[in-house]
Amino acid sequence: DAFSVTVDGPLPSGALALKLSLNAPIPQKIVWDQDQDGRISNSDLAMPFTRVGNTLWIDATLFSNRLIRAPGDANYDISAGSIEMAPTTFSFVADVPLAPTTVMVTNIFTGETHDVPASELNGVFPRHRNIPLLKEKRLEPEIWAGQIDIQETRIIRHPVRIRPGTEIRITAGKSLIFMHNVVAIGTEDLPIIIKPATPDAVWGAFALKGSAASGSKLIHFKINGGSEAVVDGVYYSGMVNIHEGSDHELRHFKASKNLKSDDLIHIVYAKGVLLKGCTLTDALSDAIDVDMSEVIIRDCLIEAAGNDAIDFMSPQALVVNSHLNQSGDKGISVGENSNVLVDNVTITDNIIGIEVKDGSRAYVNNSTFSHNKNQMNGYWKNWRYDGGGHMLVVESKFEGAGSLASVQDQSSIAILNSKLPSQRHNMGKNIFIDPSAEEWTQAEPLAQMWRDFPAVLARWKIIPTNQAAVK
């Protein structure tokens, strides 16, 4: 079930052709035996091949090892050495006994094919970075439609297209991990649905994982009843997870009632993620948890989260034209070196409207804080960060009898050109309301945030509500 090919000289080999006897078994899998253990194992590299009659064509290019031969001087300059080739042996293993009667190789420059003679030449093992060069194969998307039953955890490494009206039912404890691009576009009348296989089943996690999943779209999509999972050593803390990649879109996306897990949606190490027109309700803890990512949350309703509606850690983010209501803790938590713009957002009936901490900056524009127990809070929680958080609030409105703001531990808040309640409870130091020129001198870094405010709006393409107010 194994054979070896030795490459010598400067020219690489082209595609290999293995001619089998007429009654020889046909393999389903051929691998380069990278760990030299004589069997198929996880560290081996699968070889793409096609069958033409009784001939197998392996589409790979092989190189001999390149070695730098140093001159005799111990203090030599590497550029003075010469490059030499060493005979290099590549071993291959199949899932059936494999004894080709003839091996042929293609010249990559002329396209001509030549027989490879049997040889006793023993080459060296390929060096660490010398691996077979494979021709990239375009993966055709798999089409999902109708009812799809997920009875075991599935890791999908090819593109998937999901048709309107598709219903995906996941068995308790099982997960669905997409490692390649997913385009799931439903309609208002025929949404795509992910749900438990049975009413009492708690399934694991749904994830878009890795750069190959970039550009995925989940539109008119409903999902509920999941929790969390560990798959191939990766912890997915949300019912819905976006790990790495870029340019993901969740539009008209409805998610609710995650069980056991921290997050309804968890986004980490991703860029250009857009949530638009989403409805997120009854999260067990945080509705959206964003870690070290670039995210836009637009036209969304987030309601009745057990903890925070949105929890930011070290992102660049915009929250715009949205409603954040009735969270068990904060409407928005801005923490651990985050930089966030909140524009035209209504934040209602939360324990804390917006909290900023640990080296973070929150810019709030044209928004409404309504009946939160504490409208704003700033403090220093994590000693790893140089100071607390700072919030600039412009052209906004405050309603209700709760505390306007509280600030602790090297944090600060400035409120400009805003409508305030007549009673302001718990007002302390480092809270500035329409500061005078003299007060601004004591209000760094808020003064710098005010100077930066026009650029922050422009960066997210937000038009100021009152141009005259932005100086």
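Position 1 is the first residue of the sequence; numbering continues from there.
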* Asked: Asp200 and Thr198: side-chain hydrogen bond (donor to acceptor under 3.5 Å, both in side chains), yes or no, with the steps?
  -> CA-CA 6 Å; Asp200 60 345; Thr198 59; 2.9 Å; yes

Of the non-hydrogen atoms in [X] and [Y], which two are nearest, and what is the gap between them?
| X | Y | result |
| --- | --- | --- |
| Ser13 | Thr61 | O-CG2, 2.9 Å |
| Pro141 | Arg161 | CB-CG, 3.7 Å |
| Ser4 | Ser91 | OG-OG, 3.0 Å |
| Gly204 | Ser175 | CA-OG, 3.5 Å |
| Gly9 | Ser64 | O-OG, 2.8 Å |
| Gly331 | Ala309 | O-CB, 3.1 Å |

* Under 3.5 Å, is there a donor-acceptor pair between the side chain of Arg127 and the main chain of Arg66? -> yes

* To do: Determine yes or no for a side-chain-to-main-chain donor-acceptor pair under 3.5 angstrom, with Asn307 supplying the side chain and Asp329 the backbone.
  => no

Quick check: do [X] and [Y] have side-chain heavy atoms less than 4.5 Å from each other?
| X | Y | result |
| --- | --- | --- |
| Val7 | Phe63 | no |
| Asn258 | Asp282 | no |
| Phe453 | Leu392 | yes |
| Ile194 | Phe206 | yes |
| Lys222 | Lys195 | no |
| Thr88 | Phe125 | no |
| Ile155 | Met179 | yes |
| Ile352 | Asp308 | no |

Are [X] and [Y] within salt-bridge range, i.e. N to O under 4.0 Å?
| X | Y | answer |
| --- | --- | --- |
| Glu167 | Arg169 | yes |
| Glu228 | Lys260 | no |
| Lys271 | Glu294 | no |

* Asked: Hey, is NZ on Lys254 packed in by over 12 heavy atoms from elsewhere, all under 6.0 Å?
  -> no

* Does a sphere of radius 6.0 Å around OH in Tyr235 hold more than 12 heavy atoms from other residues, nucleotides or ligands, not counting ones at 6.0 Å or beyond? -> yes

For a quick check under 3.5 Å, do [X] and [Y] share a side-chain donor-acceptor pair by atom type?
| X | Y | value |
| --- | --- | --- |
| Asn23 | Ser21 | no |
| Ser41 | Arg39 | no |
| Asp263 | Ser237 | yes |
| Asn65 | Arg129 | no |

* Run the numbers on Asn344 and Arg298 for side-chain hydrogen bond (donor to acceptor under 3.5 Å, both in side chains), then give the verdict. => CA-CA 10 Å; Asn344 194 30; Arg298 183 184 295 273; over 6 Å; no

* Between His220 and Phe253, does the ring centroid distance fall short of 6.0 Å? -> no

* To do: Measure from the ring center of His180 to the ring center of His158 and say whether it is less than 6.0 Å.
  => no

* To do: Report the C-alpha separation of Ser314 and Ser338 in whole Å, then their side-chain angles, then the decisive distance to 0.1 Å, and conclude whether the side-chain hydrogen bond (donor to acceptor under 3.5 Å, both in side chains) test is met.
  => CA-CA 4 Å; Ser314 304; Ser338 296; 5.3 Å; no

Which value, rounded to the nearest 0.5 Å, describes the distance between [X] atom [atom1] and [Y] atom [atom2]?
| X | Y | atom1 | atom2 | value |
| --- | --- | --- | --- | --- |
| Ile297 | Ile265 | CD1 | CD1 | 8.5 Å |
| Met391 | Asn377 | CE | CG | 8.0 Å |
| Asp299 | Ser322 | CG | OG | 6.0 Å |
| Leu176 | Trp203 | CG | CH2 | 8.0 Å |
| Leu45 | Leu134 | CG | CG | 5.0 Å |
| Ile162 | Leu218 | CD1 | CG | 7.5 Å |

* Asked: Going through the distances and angles, do Leu20 and Leu56 end up as a side chain to side chain contact (heavy atoms under 4.5 Å, CB included)?
  -> CA-CA 8 Å; Leu20 308 179; Leu56 306 179; 3.9 Å; yes

* **Evaluation steps, side chain to side chain contact (heavy atoms under 4.5 Å, CB included), between His243 and His266** => CA-CA 8 Å; His243 285 204; His266 182 218; 4.1 Å; yes

* Any idea how Trp144 and Phe178 line up, ring-wise: parallel (<30°), tilted (30 to 60°), or perpendicular (>60°)? -> tilted

* Given Lys209 and Tyr236, is the side chain to side chain contact (heavy atoms under 4.5 Å, CB included) satisfied, shown in steps? -> CA-CA 10 Å; Lys209 168 82 167 110; Tyr236 298 97; 3.6 Å; yes

* To do: Carefully, step by step, assess Asn325 and Leu301 under the rule side chain to side chain contact (heavy atoms under 4.5 Å, CB included).
  => CA-CA 8 Å; Asn325 305 332; Leu301 170 65; 3.7 Å; yes

